[in-house]
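Residues take their numbers from the sequence shown, with the count starting at 1. The figures here come from the full heavy-atom set of this structure, side chains too, leaving out hydrogens, waters and symmetry mates.
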Amino acid sequence: MKDGQNYIDGAWGAGAAGWTDVIDPGTGEVLARQAMANAADVDAAVAAARRVHLSGALSDMRPIERGRLVQAMGRYLLDNAEAIALTLCREQGKTLWEARGEVAGAAQYFEYYGNQAATLEGRQVPLGQGYFDFTALEPYGVSAQIVPWNFPVEIAARSISAALTTGNACVVKTPELAPLASACFGHAAAAAGLPAGAVNVLCGWGEEAGAALAAHPQVNQIVFTGSVPTGVAIATAAARNVVPCVLELGGKSAAIVHADADLDAFEGDIRRGIYFNAGQVCSAMSRVLVHESRHAELVERAVKVARGLSVGPGIERDAAGSGMGALVSEGQRDRAAAMVTRAEEAGAQVAAGGRKMNIPGAFLEPTVMTGVTPEMEIAQEEVFGPVLSVMPFADEEEALAIANGTPYGLVGGVFTRDLDRATRAARAMRAGQVFVNEWFAGGVETPFGGYGRSGYGREKGREALLNYVQTKNVAISIR
Ligand code: NAD
């Protein structure tokens, strides 16, 4: 596999912070090297983006034409989908079918937002005779995007597409563990005919390149997806420069499964909700709260789903829906396994899985835990691995109290045939998104983001575009 370079001001090159090995977590072997940027490289990328912004090359363009460029980037991804997916699968550990889905999802963001470029409109504000007043939505300028390793292509795509659609230039900091596939955005920007400097893609260490980008005085807006402590550091840097940021942080999301739920169908939600991408999903269904009358049955079904998954190198799992791949690194795998061990020490039981697998690579068995109580670490903190905690509840009130009883609030779910009960839960859940009878229902069109410690601002959907623009009011005195 080719070494990864940085794409700054329309040119590919090495970084001043040397190179790092990118490991295939499915085998433990080195795949390729990635060039690492330092603060000076970040400076060059921000300067290029700022130059593009100040030139008006993006912001003065007729929006419908800008939208065409954004859509063209999506078509580049589709035209090169298999190659991008193979790289993503190998560097991230996910199955090949998941990687293909991620690339298709990434392309969809460019299609969805590119189509909306001409639809973002201000309004006319009536001020009575003597004035004509209107608002305009203007880009911030330089949008900095710091991307995590769990869905590096899809998460970068959702920010780049929205930023360009609204006329911003971008600097994207890709994740150290899985940076290679993100080269597609540099190639896509060039293929689409965007001016050099409109999209800059670089990798670097979080504390070095990431921190330099977040604190850069000429960055005008920041989008971050990742862990809470890093989100706090980035928001602090943003506050010092008085620039807005969007934070998509973790979650500890709960599904409430009532006694009347369709448990046959819910097996599919377990499969999707906690074992997709080996559980490395911020909106993973990491807790299932089930009515006590069906607890034993649900645990039995969850164990069946977990044990039924074939786990191994993602590259060997290309049929849609098949198996589970590796975690992104042995470090992440060990972190998840240690959380399972601590939960057992605290009194929880492993009903399925729970152990590292005795094969090369970063594999953890699909895990189901019972005997978990709401205050345990495993029920409060993000595992970011294939670990499901199942807890019983006696009534609706208790279920909602447990669901809302963490500092997070990313998503939630309710499974019932009773529309009133589903509606009550949807209102009561402190979460940015509630799924009724299907975990992960939604798409690029639906706004996504957290309550509480899960962050603020929204990505996806129409709402996200508003994070990339600022409102200008123009009042004209008519004499
Ligand atoms: P992280 O939040 O530290 O890293 C995410 C991105 O931020 C990476 O690109 C990283 O280089 C960058 N970064 C790190 N420190 C930075 C800093 N000081 N300033 C600017 N940028 C910085 O996440 P991680 O260490 O890779 O993973 C740790 C845990 O975070 C995981 O176990 C998981 O619980 C959580 N996580 C959540 C998500 C999510 O989507 N919510 C994604 C990845 C990780």
Side-chain angles (χ1 to χ4, degrees), residues 6-10 15 17 36-54 58-59 109 113 138-149 152-176 179 182 185-186 189 194-227 229-249 449 455-459 464-470:
N6 298 318
Y7 185 68
I8 297 174
D9 203 4
M36 300 301 266
N38 72 357
D41 297 319
V42 168
D43 239 7
V46 173
R50 182 172 160 80
R51 190 198 66 236
V52 169
H53 174 60
L54 294 178
L58 289 176
S59 52
Y109 281 109
Y113 284 124
E138 298 192 341
Y140 280 104
V142 178
S143 171
Q145 301 159 8
I146 299 175
V147 179
W149 41 256
V153 173
E154 209 161 358
I155 290 175
R158 76 185 183 199
S159 299
I160 297 170
S161 58
L164 292 174
T165 292
T166 45
N168 296 275
C170 315
V171 180
V172 183
K173 211 295 276 170
T174 62
E176 302 90 309
S182 304
F185 297 113
L194 279 153
V199 176
N200 303 274
V201 184
L202 51 84
C203 189
W205 303 109
E207 319 78 60
E208 188 177 15
L213 183 58
H216 201 289
Q218 285 175 337
V219 160
N220 307 112
Q221 183 251 15
I222 303 175
V223 183
F224 170 72
T225 304
S227 65
T230 303
V232 171
I234 285 170
T236 304
R240 289 208 180 94
N241 289 331
V242 198
V243 299
C245 63
V246 176
L247 297 181
E248 295 287 3
L249 310 180
Y456 47 73
R458 294 291 176 266
E459 284 279 79
L465 289 177
L466 300 177
N467 291 319
Y468 295 84
V469 291
Q470 48 196 339

Search all heavy atoms of Ala214 against all heavy atoms of Ile234 and return the closest pair with its distance. CB-CG1, 4.0 Å
For Pro152 and Pro175 the tightest heavy-atom approach is CB-CG, 3.9 Å
Kindly compute the distance separating CG (Asn200) from CG (Asp41), expressed to the nearest 0.5 Å. 11.0 Å
Using only atom types and a distance under 3.5 Å, with no angle test, would you say the side chain of Asn38 pairs donor to acceptor with the backbone of Glu208? no
Under 3.5 Å: donor-acceptor pair, side chain of Glu459, backbone of Glu248: no
So do His216 and Val171 actually touch side chain to side chain, heavy atoms under 4.5 Å? no
For a quick test of reading the model, state the closest non-hydrogen atom pair linking Cys245 to Ala238 and the distance between them. SG-CB, 4.1 Å
So which atom in Tyr140 and which in Asn168 form the shortest heavy-atom distance, rounded to 0.1 Å? N-OD1, 2.9 Å
Atom CD1 in Ile160, atom CG in Leu194: separation rounded to 0.5 Å? 10.5 Å
Roughly how far apart are Thr230 OG1 and Phe224 CZ, rounded to 0.5 Å? 4.5 Å
Where Tyr109 and Ser161 come nearest, the two heavy atoms and their spacing: CB-OG, 3.5 Å
Approximate separation, where rounding is to 0.5 Å, of Thr174 OG1 and Ile155 CD1: 12.5 Å
Taking C-beta and beyond as the side chain, do Glu176 and Trp149 meet within less than 4.5 Å on heavy atoms? no
Checking the side chain of Ser159 only, and the main-chain atoms of Ala156 only, is there a donor and an acceptor separated by less than 3.5 Å? no
Could I get the full list of side chain to side chain donor-acceptor pair (under 3.5 Å) partners for His53, not counting sequence neighbours? none
Between the CG atom in Asp43 and the CZ atom in Arg50, the distance rounded to the nearest 0.5 Å is 12.0 Å
Donor-acceptor contact below 3.5 Å, side chain Asn220 vs main chain Val243: no
Is there a donor-acceptor pair under 3.5 Å between the side chain of Asn6 and the backbone N or O of Cys203? yes
Lys173 side chain to Gly204 backbone, donor-acceptor under 3.5 Å: yes
Report yes if the side chains of Leu465 and Thr165 come closer than 4.5 Å at any heavy-atom pair, otherwise no. yes
Provide the closest heavy-atom pair for Leu58 versus Pro195 in the form atom of the first, atom of the second, distance. CD2-CD, 4.4 Å
Met36 CE to Trp205 CH2 distance, which is reported to the nearest 0.5 Å: 4.0 Å
Measure the shortest side-chain to side-chain distance between Thr225 and Arg158 over non-hydrogen atoms and say whether it is less than 4.5 angstrom. yes
Answer yes or no: is there a donor N or O on one side and an acceptor on the other, between the side chain of Gln145 and the main chain of Cys170, under 3.5 Å? no
